[in-house]
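For this chain, numbers begin at 1 and follow the sequence in order. Nothing here was measured: the structure is a model prediction, and the numbers come from that model. The basis for the numbers below is simple: all heavy atoms, side chains too, and nothing from hydrogens, waters or symmetry mates.
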Amino acid sequence: QVQLVESGGGLVQAGGSLRLSCAASGSIFSIRAMGWYRQTPGKQRELVAQITTGGSTNYADSVKGRFTISRDNAKNTVYLQMNSLKPEDTAVYYCLVTFRVALIAGWDNYWGQGTQVTVSS
């Protein structure tokens, strides 16, 4: 089994900052990538940012220049520093880890439970 512990969500005023973290543990042999997605009611879950083990990053256009994703490989933890937050950033943010349980195993995805981020205007 895999466990993801997310933290850091909350309520902030527009222009403010929040930092999300997500720690993975359990039956993990190796991790290929970790990332953050977000979802609002009635909309599909969308990629916010992703980072690979090698450090390659990918951001949604809407957050480029404002959000920074980073990772501590030794702790299997990913962080999302969110600055200059806007009301349209309000959503439930979900952590995703792509991992395998053994060297010869295939890659699997596992989602966290989500953490609410609310940005007031």
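- Within the structure, no pair that satisfies the disulfide bond (SG atoms under 2.5 Å apart) test touches residues 32-66, not counting sequence neighbours.
- For Q39, the side-chain hydrogen bond (donor to acceptor under 3.5 Å, both in side chains) partners two or more places apart in sequence, or in a different chain, are R45.
- S17 places a side-chain heavy atom less than 4.5 Å from the side chain of Q81.
- Nearest heavy atoms, A105 versus V101: CB-CG2, 4.0 Å.
- Counting only heavy atoms from C-beta outward, the side chains of V119 and Q13 never approach each other to under 4.5 Å.
- Put simply, OH on Y79 and CH2 on W36 are 11.0 Å apart, with the number rounded to the nearest 0.5 Å.
- The stretch residues 70-83 participates, sequence neighbours left out, in no salt bridge (Lys or Arg N to Asp or Glu O under 4.0 Å) pair at all.
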Name each donor-acceptor pair under 3.5 Å that joins a side chain in residues 21-28 to protein atoms two or more places apart or in another chain, with its distance.
unit_1	atom_1	unit_2	atom_2	d
S21	OG	S7	OG	2.7
S25	OG	Q3	OE1	3.4
S27	OG	Q1	N	3.1

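- At a threshold of 4.5 Å between non-hydrogen side-chain atoms, the residues V48 and Y59 do not count as touching.
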Could you walk me through whether M34 and L96 satisfy the side chain to side chain contact (heavy atoms under 4.5 Å, CB included) test, starting with their C-alpha distance in whole Å, then the side-chain angles of each, then the deciding distance to 0.1 Å, before giving a yes or no?
CA-CA 6 Å; M34 298 184 76; L96 174 68; over 6 Å; no
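- Looking at V97 and N76, their side chains never come closer than 4.5 Å, going by heavy atoms from C-beta outward.
- With sequence neighbours excluded, the residues satisfying salt bridge (charged side-chain N to carboxylate O under 4.0 Å, His left out) with R66 are D89.
- For residues 91-101, the set of pairs meeting the side chain to side chain donor-acceptor pair (under 3.5 Å) definition, not counting sequence neighbours, comprises S30-R100, R38-Y93, T98-N109.
- Here the closest non-hydrogen pair linking S121 and A14 is CA-CB, 4.4 Å.
- Pairs passing the salt bridge (Lys or Arg N to Asp or Glu O under 4.0 Å) check and including a residue from residues 55-65, sequence neighbours excluded, read D61-K64.
- The OG atom of S70 sits 6.0 Å away from atom CZ of R19, with the distance rounded to the nearest 0.5 Å.
- Atom-to-atom distance recorded for C95:SG and Q113:CD is 11.5 Å, nearest 0.5 angstrom.
- The shortest heavy-atom contact between A91 and T40 is CB-CG2, 3.6 Å.
- The heavy-atom pair separating L80 from A49 by the smallest distance is CD1-CB, 4.1 Å.
- Annotation: side chain of T115 is not in contact with side chain of V92 (no heavy-atom distance under 4.5 Å).
- For K43, there are no salt bridge (charged side-chain N to carboxylate O under 4.0 Å, His left out) partners at least two apart in sequence or on another chain.
- Taking CD1 from I69 and CD from Q50, the interatomic distance works out to 7.5 Å, rounded to the nearest 0.5 Å.
- Applying the 4.5 Å side-chain rule to ILVMFWY residues, one finds that W107 remains a lone member of its cluster.
- For T118, the side-chain hydrogen bond (donor to acceptor under 3.5 Å, both in side chains) criterion is met by Q116, not counting sequence neighbours.
- Y110 and Y37 are members of different hydrophobic clusters when ILVMFWY side chains are connected at heavy-atom separations under 4.5 Å.
- With sequence neighbours left out, T52 forms a side-chain hydrogen bond (donor to acceptor under 3.5 Å, both in side chains) with no residue at all.
- Qualifying side-chain contact (heavy atoms from CB on, under 4.5 Å) partners for D108, counting only residues two or more places apart in sequence or in other chains: F99.
- Summarising the geometry, atom CG belonging to N73 is positioned 7.5 Å from atom CD1 belonging to I51; distances are rounded to the nearest 0.5 Å.
- Closest of all the heavy-atom pairs between A60 and L47 is CB-O, 3.3 Å.
- Between L4 and W111, every side-chain heavy-atom pair lies at or beyond the 4.5 Å cut-off.
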